Structures are given as C-alpha cells and as structure tokens.
Amino acid sequence: QVQLVESGGGLVQPGGSLRLSCVASGSFFRINRMGWYRQAPGKQRELVAGISDSGSTNYADSVKGRFTISRDNAKNTLYLQMNGLKPEDTAVYSCNLEGRLYDYRPFRSWGQGTQVTVSS
C-alpha cells in the first residue's frame with residue numbers, strides 16, 4: 001500500500017557531501033514519523049536520524065553535527081543531508097516511515113536502501 005523510493009547515494013571522497021532522498025507513494029492518509037537507518041558490512045542496522053511530525057529530531061552520536069534530517073510534507077519526501085563524510089559512514093542507508101491509512105490503521109514501511117561509499 002505504501003512504497004518508498006530512495007535516491008542520492010553514491011561514491012564520495014572523505015570530507016565530501018551527499019543528500020539522500022526518500023519519496024513515499026501509494027494510498028495513505030498521512031505520514032507521521034520518518035527516519036534514516038544504515039547497515040554497514042558485518043554490522044547490525046542502526047538508527048542514524050529520526051524526525052517526528054512536529055519537527056523534533058534525534059541523531060546517532062556518531063553523526064551529530066554532520067548530518068541533518070528534514071522532511072517536506074507536501075512532497076511526502078524525507079531528506080538526509082550528509083556533510084563531512086567519513087569512511088566509517090560507508091553503509092546501505094534505508095528510510096523508514098510510520099503513518100496512517102485512510103481507515104486510520106497505522107502502517108510502517110521500509111525502503112530498499114541506497115549505497116553510500118566513502119573512499120579516497
């Protein structure tokens with residue numbers, strides 16, 4: 001019922017920047033909370049940043065001061081601005097959202113992920 005399409009990943013040198021986007025489509029009433037997760041090889045998925053419908057945000061300690069999460073409700077889009085990228089940021093980044101369907105049932109959806117590789 002709800003699909004997520006992610007884009008913006010790629011290969012970047014250390015210190016570079018990338019902006020990830022996640023567009024939600026399908027039949028739903030509204031989106032509430034959204035977040036970005038990442039999973040590096042040999043590691044478990046971790047929460048990178050989250051944002052609520054009120055605009056409050058939270059970040060993993062490892063990305064504070066470098067990453068910024070934002071959302072555009074009119075476009076049903078989630079963004080992650082990543083600055084000062086480090087090799088340890090290399091991972092598959094996935095977006096997640098929670099919202100309500102037209103019958104007010106809650107839902108949660110995951111994207112397929114986009115690869116971010118930081119290397120010289």
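Values in this document were obtained by computation on a predicted structure and should not be read as measured data. Atoms considered below: every heavy atom in the structure, side chains included; atoms not considered: hydrogens, waters and symmetry mates.
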Go through the side-chain N and O atoms of Thr77 and Asp72 and say whether any donor and acceptor fall under 3.5 Å apart.
no
So, taking the atom named CG in Leu20 and the one named CZ in Phe67, what distance separates them when rounded to the nearest 0.5 Å?
8.0 Å
Got a second to check how far Ile69's CD1 is from Trp36's CH2, nearest 0.5 Å?
8.0 Å
Out of curiosity, Met82 CE to Tyr93 OH, how far, rounded to the nearest 0.5 Å?
5.5 Å
Suppose we screen for side chain to side chain donor-acceptor pair (under 3.5 Å). Which residues come up paired with Glu46, at least two apart in sequence or across chains?
Arg38
Taking it one step at a time, do Thr114 and Val92 satisfy side chain to side chain contact (heavy atoms under 4.5 Å, CB included)?
CA-CA 5 Å; Thr114 183; Val92 175; over 6 Å; no
Would you indicate whether the side-chain heavy atoms of Arg71 and Ile31 approach each other to under 4.5 Å?
yes
Applying side-chain contact (heavy atoms from CB on, under 4.5 Å), can you list everything that pairs with Arg108, at least two apart in sequence or on another chain?
Tyr37, Asn96, Glu98, Trp110
Going by disulfide (SG to SG under 2.5 Å), name the pairs with one or both residues in residues 10-106, residues two or more places apart or in two chains.
Cys22-Cys95
Which atom names give the shortest non-hydrogen contact between Val2 and Ser27, and what distance separates them?
CG2-O, 4.2 Å
Give the minimum heavy-atom separation between Gly84 and Ser17, together with the two atoms involved.
N-OG, 4.3 Å
Are the side chains of Pro14 and Pro87 in contact, using a 4.5 Å heavy-atom criterion?
yes
Where Phe28 and Ser25 come nearest, the two heavy atoms and their spacing
CE2-C, 3.8 Å
Spacing of CD1 belonging to Ile51 relative to CZ belonging to Arg33, to within rounding of 0.5 Å:
12.5 Å
By salt bridge (Lys or Arg N to Asp or Glu O under 4.0 Å), Arg30 pairs with (sequence neighbours left out) none
Connected hydrophobic set around Phe29, excluding itself, where side chains approach under 4.5 Å:
Tyr102
Nearest heavy-atom pair of Gly111 and Leu4: which atoms, and what distance?
N-CD1, 3.5 Å
Using the test salt bridge (Lys or Arg N to Asp or Glu O under 4.0 Å), find all partners of Lys43 that sit at least two apart in sequence or belong to another chain.
none
Residue Gln115 excluded, over 12 heavy atoms near CD under 6.0 Å:
yes
What pair of heavy atoms forms the shortest contact from Val23 to Lys75, and how long is it?
CG1-O, 4.2 Å
Sequence-distant partners of Val12, side-chain contact (heavy atoms from CB on, under 4.5 Å), two or more places apart
Leu18, Leu85, Val118
Between the main-chain N or O of Gln44 and the side-chain N or O of Gln39, is there a donor-acceptor pair closer than 3.5 Å?
no
Under the salt bridge (Lys or Arg N to Asp or Glu O under 4.0 Å) rule, what pairs show up with a residue in residues 76-86, not counting sequence neighbours?
none
State which residues pass side-chain contact (heavy atoms from CB on, under 4.5 Å) with Ser56; sequence neighbours excluded, sorted by chain then number.
Ser52, Ser54
Run the salt bridge (Lys or Arg N to Asp or Glu O under 4.0 Å) test against Arg100 and tell me which residues pass, sequence neighbours left out.
none
Are there more than 12 heavy atoms of other residues, nucleotides or ligands under 6.0 Å from atom CD of Glu88?
yes
Residues forming a side-chain contact (heavy atoms from CB on, under 4.5 Å) with Ser7, sequence neighbours excluded:
Ser21
Point-to-point distance, once rounded to the nearest 0.5 Å, from CG of Leu78 to CG of Leu97
8.5 Å
Nearest-0.5 Å distance that lies between atom OH in Tyr59 and atom CG in Leu80:
8.0 Å
Salt bridge (Lys or Arg N to Asp or Glu O under 4.0 Å) partners of residues 51-63, not counting sequence neighbours, each pair once:
Asp61-Lys64
Hey, are the side chains of Ser94 and Gln112 touching, using non-hydrogen atoms and a 4.5 Å cut-off?
no
